[in-house]
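Data first, discussion second: the structure below is written as C-alpha cells.
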2 protein chains.
Amino acid sequence: MARDDAPERTTHADKVYALLFGQLMNGTFDPGAALNIPTLSREFEVSQTPIREALARLEHTGLVHREALRGYFVAALFSEVELDKLMEARLVLEPALALEAGRRVTPEFLAKLLVPIDDLLRLSESQVVRSFREYWSADEDFHTLIAEQSANPFLEGAYRSLGGQVQRFRLFVKLGSADARFAAAEHRQIYDAFVARAPEAAADLMRHHIESARLRALSDRKTILANE
Amino acid sequence: MARDDAPERTTHADKVYALLFGQLMNGTFDPGAALNIPTLSREFEVSQTPIREALARLEHTGLVHREALRGYFVAALFSEVELDKLMEARLVLEPALALEAGRRVTPEFLAKLLVPIDDLLRLSESQVVRSFREYWSADEDFHTLIAEQSANPFLEGAYRSLGGQVQRFRLFVKLGSADARFAAAEHRQIYDAFVARAPEAAADLMRHHIESARLRALSDRKTILANE
DNA sequence: CCGCCCCAAATTGGATACAGTATCCAAATG
DNA sequence: CATTTGGATACTGTATCCAATTTGGGGCGG
C-alpha cells in the first residue's frame with residue numbers, strides 16, 4: 001500500500017512532530033493538558049510508535065514534559081517570574097549571536113533579513129495589528145536568521161532551545177500597535193548596524209531591543225488574552 | 001508483582017537512556033559508529049521500543065544524530081574549529097551563569113561546591129594525573145553546580161545542552177599536570193569570589209577560566225590520545 | 001471514611017513491511 | 001583473456017503496527 005506517496009521522504013514520526021509542534025505553538029492545546037498516546041494515534045491515523053517518538057523529541061523543546069508512567073503533558077503557562085527569566089536568557093544569548101552574525105555579514109544574509117523586517121514594518125503600520133500570527137512569525141524569522149548567521153552551531157542550538165518557549169509565550173502577550181512600531185524600528189536599527197558592518201553596535205542594539213521587549217511584555221502582561 | 005522494586009520509578013527507556021549516555025561520555029563507541037536498534041535491543045535485553053525512545057531523547061544532547069531512514073549514529077569527533085566554537089559558546093553562557101549564581105550564594109551551595117574543588121585540587125597535586133575520569137567528573141560537577149545555582153532554568157538548560165558536548169571533547173584532550181593545577185587554582189578563585197559575595201568578580205574569573213581552558217585545549221590538541 | 005475493583009493509559013514486546021546497500025554473476029568490451 | 005559494466009538478488013536495519021502486560025487513578029460498595 002501507500003504507493004502514491006512514493007516521493008515521501010519524511011517519516012510518519014517527522015510529520016507528527018511537525019504537526020504537534022505547530023499546534024503547540026498555536027495554542028491549540030490548553031496548558032497542562034494531557035497528551036495521551038492512543039488518542040493522538042487515532043487522530044493522526046498512525047500507530048503509537050511514531051507518536052511516542054515525536055513526543056520524545058518534543059520534550060527537549062520545553063513545549064511538552066513527561067512524567068514517568070504518567071504520560072506527556074503540554075507545558076504549563078509561564079508565570080511572570082519565568083517570563084522574566086526567559087528574557088534574561090535571551091539577553092545573554094542574542095547579543096552574542098548578533099555580534100557573531102555581524103562579523104559574518106553577507107549580501108545574501110542582508111537580503112534574507114530584509115523580508116521579515118519589511119513584513120513587520122508593514123504589519124505594524126496598519127492601525128490595528130490584525131494578524132498576530134504573521135506578526136510573530138516575522139519576528140521569529142528575524143531572530144532565527146541572525147542565530148543561523150552566527151555560524152556557531154552550539155550557540156544557535158542554545159537559542160533554538162529557547163525558541164519554542166519564546167514563541168509560546170508570545171501567544172499570551174497582547175501587543176499594542178505602538179509597541180509593534182517600536183519593535184519594527186528596533187529591528188531596522190539592528191539591520192542598519194549589519195549594513196554598516198558594525199558587529200558591536202548590532203550586539204548593543206539587540207540588547208536594547210530585548211530589554212525593551214521585556215519591558216513591553218511585562219507591562220502588557222496584565223492584559224492576557226487569547227490572540228486573534 | 002515487582003513488590004521489592006517498588007521504589008523503581010524509572011522505566012526501561014530511562015535506564016537505557018542513562019546507560020547509553022554514560023557510554024557515549026566514556027567513549028565506549030567510536031565516533032560516527034552506527035547505533036542500530038536491534039543490536040542495542042539484544043545487548044540491553046529490552047525490546048526495540050525503549051531503545052528507540054532513548055535514542056530520540058539523546059538526539060538533542062548532540063551525542064547522537066539521526067538520518068531519516070538511515071538510523072542513529074554516534075556524533076563525529078570535534079574538529080579544531082568546532083572545539084573553538086564550543087568554547088566560544090561556553091564563554092557566552094558560563095560567565096552569565098556564574099553571575100546569577102553569585103547573586104544567590106548560600107552556605108549549602110558553597111559546601112556542595114567545595115567537594116569538586118577539593119577533589120580537583122587533590123587529583124592535580126599528585127605528580128601524574130592518573131584518573132582522567134575522576135578529574136573531568138569533578139570539573140563537570142563544578143560547572144554544573146554553578147549552572148544549577150543560577151536559578152534560571154532556561155540558561156541552565158542552554159548550558160546542559162552544551163554539557164554533553166563539553167564532556168565528550170574532554171575525552172580527547174590530554175591534560176598535563178601543570179594544566180590541572182592551573183585549572184584547580186582557577187576554580188578556587190571563583191569559589192573565593194562566591195564567598196566574598198562578589199558576583200561580577202565571579203563572572204570575570206569564570207570568563208578567564210574558560211579562556212585559559214580554551215588555550216590549554218588548543219595547545220594540547222596535538223597530542224590526541226585515548227585516555228586511561 | 002476506607003478498601004477493593006475496574007478502567008484508561010503507559011509501557012513493553014515482538015512481528016511485519018519496506019527501503020537502501022552490498023554482493024554476485026554474466027555479458028560486453030578492449 | 002582480463003577488465004569493466006549492468007542488473008538482479010540477498011541481506012541488513014529502519015519504520016511501523018498490533019497485541020499483551022503493567023501501572024495509576026477513580027468510582028463503587030462496605
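Throughout, protein chains are lettered first and strands after them, A, B, ... in sequence-line order, and every chain is numbered starting at 1.
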Taking atom [atom2] of [N] as reference, at what distance in whole Å does atom [atom1] of [X] sit?
| X | N | atom1 | atom2 | result |
| --- | --- | --- | --- | --- |
| Leu55(B) | dT14(D) | CG | P | 9 Å |
| Phe73(B) | dG13(D) | CZ | C1' | 10 Å |
| Lys15(B) | dT11(C) | NZ | P | 13 Å |
| Glu53(A) | dC17(D) | CD | C1' | 14 Å |
| Asp14(B) | dT23(D) | CG | P | 15 Å |

Is there a side-chain polar atom (N or O) of Thr49(B) under 4.0 Å from OP1 or OP2 of dT12(C)?
no

If only side-chain N and O atoms of His12(A) are considered, is one of them under 4.0 Å from the OP1 or OP2 phosphate oxygen of dT16(D)?
yes

Which label fits His143(B) and His209(B): parallel for a plane angle under 30°, tilted from 30 to 60°, or perpendicular past 60°?
parallel

Please check if the side chain of [X] supplies one atom and the backbone of [Y] the other of a donor-acceptor pair under 3.5 Å.
| X | Y | value |
| --- | --- | --- |
| Asp14(A) | Thr11(A) | yes |
| Ser41(B) | Val46(B) | yes |
| Asp30(A) | Ala33(A) | no |
| Gln149(B) | Arg104(B) | yes |

Assign Ala13(A) to base, sugar-phosphate, or nothing according to its heavy-atom contacts below 4.0 angstrom with the strands shown.
sugar-phosphate

How close do Gly163(A) and Glu140(A) get, heavy atom to heavy atom, and via which atoms?
O-OE1, 4.3 Å

Can you tabulate the close N/O pairs, meaning under 3.5 Å, that link protein atoms to atoms of nucleotides 8-10 of chain C?
unit_1: dA10(C); atom_1: OP1; unit_2: Ile37(A); atom_2: N; d: 3.4
unit_1: dA10(C); atom_1: OP2; unit_2: Ile37(A); atom_2: N; d: 3.0

